[in-house]
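Structure incoming, see below.
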Amino acid sequence: MKEEKTQFALAGDHKAFWLPGDYDTQEYSTVTSNLSEVRGKMKAAVTPNASQTTFSPTGLQTPLMMKSKDGLYINIHEAALINYSLMSLNLDDKNMVLESWLTPDAIGDKGYMQAPCLSPWRTIIVSDKAGDILTSKLTYNLNEPTKFKDVSWIKPTKYVGVWWEMITGKSTWAYNDLTSVQLGVTDYAKTKPNGKHAANTAHVKEYIDFAAKNGLDAVLVEGWNVGWEDWFGKTKDYVFDFVTPYPDFDVKELHRYAASKGIKMIMHHETSSSVRNYERHLDTAYKFMKANGYDAVKSGYVGNMIPRGEHHYGQWLNNHYLYAIQKAAEYKIMVNAHEAVRPTGLARTYPNLIGNESARGTEYEAFGGNNADHTTILPFTRLIGGPMDYTPGIFETKVSVYNPENTSFVHSTLARQLALYVTMYSPLQMAADLPETYNKYMDAFQFIKDVAVDWDDTKVLEAEPGDYITFARKAKGKNNWFVGRTNDEVARTSKIDFSFLDPGKKYTATIYGDAKDAHYEKNPKAYTIRKMEVTNKTKLTQYCAPGGGYAISIIAK
């Protein structure tokens, strides 16, 4: 297949929320501008990434969210991306026409098809209400129903992890400071530990203890396996084997200890984009997981692809991501894929795809920061295709507290970090900060303990892309509701009513809000907590600070 020429002819120069079109990354900040301004803003929008390949000065990613001058909200994406190349959009900015632009393979071909075959759906969601875009099930419903007869092994999960301390630079993934290692050759027992390796048995037990004490489900550990010393930037083929732990990480003891506390462990498989190597090891790695009590894996695809010249979103790689999910299902393993292709509703067919990254997540708060409006846009863009492992819950917003050499800060108030558990849908939610930090703010952490991660109902109470979103969601199987509000850099007042609650019933609402002097830059930890009785007739006015928001737990009496 040489090309696909699907066109979307637009009625005007719409306001757009866009990312630069790229064959290898979605981890850019969203630019808000008219379509006619894309060309002039493109160069500044293409910020550095571990792997990136832009293709046009007017190339755009999907989901593309737009708003017309007369107030129509328009969303363009695709559904059921199977055995096909990912679609980007190329903008003809003279005629305001978007044309499909497929990701090529290493020799420039866009795909190989054998009849009979199906191409993905091209989706357009249109409404005069922003909230209708957020609640549309079109993308999911264009995917096939689940392939699994039994889904009882797929469980919503709230977890902590040995992760943020490495992201901030406080700790390391690598066991030592060597710059070159070889699996099966380097004798790690004879190397000098760097003293900053986080994935050690004693330290991981501290995370397990914290999870058990606070009613969380699981602990993720990154950097447990050999090979991290020279994993990135070398295009190594045999980079990890996914089964050999570092000398200070006792797999069997941690399995025993976690099980004794009722805590699950989440495996980490960073592939360093050596996909051929990962597929060689996949069965062995999944068997190792099951033998040691792991039933969920976070996979990663950082860096340029091997086979060299392939792109993250080409047909070959899209088939690999699905193969890994299907193979995981054979072992009853849930998958949370990072740096993989952006989702197109496949979690309906393969619900063990419990999470994806596929956008600029919280980790970037330690790499210079995300724009304050970032989380007011992602539900209109990235989350249209499926859940995102955004890793919220950062309470210590100054990264320098963990690593004095890192001057980044989290562009959010603490109250908004709580709101993200409601506004950023995912049946897999991380409490991403360090246990010692949470222990200082247990009154606020109570919301993370209480909040559900799967839902029976969702209401959009307020929404305007780039400005604010307020969701109310009903906990699955319970009569409790949770409200979350994410706000941009402008101070605003949120006005909500509780008419979504059952008539005649009383509830206890706990409101975690921004203090009057809260500000995402100047005073992010200024929060207030108050309780009140509410019914379906209650109305509430709540202040939202710049970069702020609020979270409310509404528990039935």
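Index from 1, following the sequence. Nothing here was measured: the structure is a model prediction, and the numbers come from that model.
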*asked:* Applying ring pair (Phe, Tyr, Trp, His ring centres under 6.0 Å) to His281 and Tyr238, what does each step give before you reach the verdict?
replied: CA-CA 10 Å; His281 288 88; Tyr238 187 33; 5.7 Å; yes
*asked:* Can you classify the ring geometry of Trp173 versus Trp231 as parallel (below 30°), tilted (30 to 60°) or perpendicular (above 60°)?
replied: tilted
*Quick one: are Ser88 and Tyr313 in side-chain contact, heavy atoms under 4.5 Å?*
no
*Pairs in or reaching into residues 346-364: which pass salt bridge (Lys or Arg N to Asp or Glu O under 4.0 Å), with residues at least two apart or in two chains?*
none
*Between Asn480 and Tyr507, does a side-chain hydrogen bond (donor to acceptor under 3.5 Å, both in side chains) hold up when you go through it step by step?*
CA-CA 8 Å; Asn480 301 329; Tyr507 300 77; over 6 Å; no
*May I have all residue pairs that pass ring-ring contact (aromatic ring centres under 6.0 Å, His included) and include part of residues 103-151, sequence neighbours excluded?*
Phe148-Trp153
*Measure the OG1-CZ distance between Thr423 and Arg485 for me, rounded to the nearest 0.5 Å.*
11.0 Å
*With sequence neighbours excluded, tell me which residues meet ring pair (Phe, Tyr, Trp, His ring centres under 6.0 Å) with Phe17.*
none
*Ala359: what forms a side-chain contact (heavy atoms from CB on, under 4.5 Å) with it, not counting sequence neighbours?*
Leu378, Arg382, Met388
*When you look at Asp450 and Tyr421, which way does the side-chain hydrogen bond (donor to acceptor under 3.5 Å, both in side chains) test go after all the steps?*
CA-CA 11 Å; Asp450 292 340; Tyr421 289 90; over 6 Å; no
*Are Tyr257 and Lys261 close enough, and set up right, to give a side-chain contact (heavy atoms from CB on, under 4.5 Å), and what steps lead you there?*
CA-CA 7 Å; Tyr257 191 78; Lys261 302 264 183 171; 3.5 Å; yes
*Please test Phe500 against Lys474 for side-chain contact (heavy atoms from CB on, under 4.5 Å), starting from the C-alpha separation and ending with a verdict.*
CA-CA 9 Å; Phe500 53 85; Lys474 185 174 183 285; over 6 Å; no
*Please report the closest heavy-atom contact between Tyr28 and Pro20, naming both atoms and the distance.*
CD1-CD, 3.6 Å
_Pairing residues for Asn225 by the side-chain hydrogen bond (donor to acceptor under 3.5 Å, both in side chains) criterion, not counting sequence neighbours_ = Trp228
*Tell me, yes or no, whether the heavy-atom count around Arg276 atom CZ, taken from other residues, nucleotides or ligands under 6.0 Å, exceeds 12.*
no
Using atom types as modelled, flag every donor-acceptor pair under 3.5 Å from a side chain in residues 549-557 to any protein atom, sequence neighbours excluded.
{"residue": "Tyr550", "atom": "OH", "partner": "Ser494", "partner atom": "OG", "Å": "2.7"}
{"residue": "Lys557", "atom": "NZ", "partner": "Glu533", "partner atom": "OE1", "Å": "2.7"}

*Could you please spell out the steps behind the side-chain contact (heavy atoms from CB on, under 4.5 Å) verdict for Thr458 and Tyr425?*
CA-CA 10 Å; Thr458 291; Tyr425 169 68; over 6 Å; no
*With a 4.5 Å limit on heavy-atom distance, are the side chains of Asp389 and Tyr159 in contact?*
yes
*asked:* Please find the pair of heavy atoms, one from Ser272 and one from Phe240, that lie closest to each other, and give the distance.
replied: CB-CE1, 4.3 Å
*Any chance NZ of Lys129 has more than 12 other-residue heavy atoms, nucleotides or ligands included, within less than 6.0 Å?*
no
_Does atom NZ (Lys459) have a neighbourhood of more than 12 heavy atoms from anything else shown, all under 6.0 Å?_
no
*Evaluate the side-chain hydrogen bond (donor to acceptor under 3.5 Å, both in side chains) criterion for residues Gln417 and Tyr512: first the C-alpha distance (whole Å), next the side-chain angles of each, then the deciding distance (0.1 Å), finally the verdict.*
CA-CA 10 Å; Gln417 287 295 303; Tyr512 302 78; over 6 Å; no
*To the nearest 0.5 Å, how far apart are OG in Ser85 and CG in Asp105?*
8.5 Å
*Ignoring hydrogens and geometry, is there a side-chain-to-backbone donor-acceptor pair from Asn356 to Ala337 under 3.5 Å?*
yes
*Which is it for Arg280 and Asp237 under the salt bridge (charged side-chain N to carboxylate O under 4.0 Å, His left out) test, yes or no, and what are the steps along the way?*
CA-CA 11 Å; Arg280 276 196 297 249; Asp237 183 10; 3.4 Å; yes
_Is it the case that over 12 heavy atoms from other parts of the model lie below 6.0 angstrom from the CD atom of Glu253?_
yes
*If every non-hydrogen atom of Ala218 is compared with every non-hydrogen atom of Ala211, which pair is closest and at what distance?*
O-CB, 4.4 Å
*Please answer whether the main-chain N or O of Pro307 pairs with a side-chain N or O of Glu310 as donor and acceptor at a distance below 3.5 Å.*
no
*Does the side chain of Leu89 reach to within under 4.5 Å of the side chain of Met87, using non-hydrogen atoms?*
yes
*asked:* How long is the straight-line distance from CG of Leu353 back to CG of Asn336, given to the nearest 0.5 Å?
replied: 8.5 Å
*Can you name the closest pair of heavy atoms from Ala472 and Val483 and give their distance?*
CB-CG2, 3.9 Å
*About how many Å separate CG of Asp295 and CE of Met267, when rounded to the nearest 0.5 Å?*
11.0 Å
*Side-chain donor-acceptor contact under 3.5 Å, Tyr331 with Asp283*: yes
_Rounded at 0.5 Å granularity, tell me how far CG in Leu60 sits from CG in Asp22._
12.0 Å
*Hey, would you say the Phe210 and Tyr207 ring centroids sit under 6.0 Å apart?*
no
_Under the criterion side-chain contact (heavy atoms from CB on, under 4.5 Å), I'd like the reasoning laid out for Tyr278 against Phe242: C-alpha separation, chi angles, the key distance, then a yes or no._
CA-CA 8 Å; Tyr278 191 36; Phe242 311 100; 3.5 Å; yes
*Side-chain heavy atoms of Ile448 within contact of Gln429, under 4.5 Å*: no
*Could you tell me whether the side chain of Val162 reaches within less than 4.5 Å of the side chain of Glu222, counting heavy atoms only?*
no
*Is the backbone of Lys332 close enough, under 3.5 Å, to the side chain of Asn352 for a donor and an acceptor to pair up by distance?*
no
*Is the ring centre of His312 less than 6.0 Å from the ring centre of Tyr301?*
no
*Roughly how far apart are Gln7 CD and Arg122 CZ, rounded to 0.5 Å?*
13.5 Å
*4.5 Å side-chain heavy-atom contact, Lys298 and Trp163*: yes
*Determine whether more than 12 heavy atoms belonging to other residues, nucleotides or ligands lie under 6.0 Å from atom NZ of Lys449.*
yes
*Quick one: closest heavy-atom pair of Ala79 and Thr123, and the distance?*
CB-CG2, 3.9 Å
*Looking at side-chain heavy atoms only, is the closest gap between Trp18 and Leu91 below 4.5 Å?*
no
*I would like to know whether Ser68 and His14 meet side-chain hydrogen bond (donor to acceptor under 3.5 Å, both in side chains); could you show each step before the answer?*
CA-CA 5 Å; Ser68 71; His14 301 330; 5.0 Å; no
*Specify whether Phe447 and Phe482 have parallel, tilted or perpendicular ring planes, treating 30° as the upper limit for parallel and 60° as the lower limit for perpendicular.*
perpendicular
*Is there side-chain contact between Leu118 and Ile82, with heavy atoms separated by less than 4.5 Å?*
no
_If you compare all heavy atoms of Asn277 against all heavy atoms of Val239, which two are closest, and at what distance to 0.1 Å?_
ND2-N, 3.8 Å
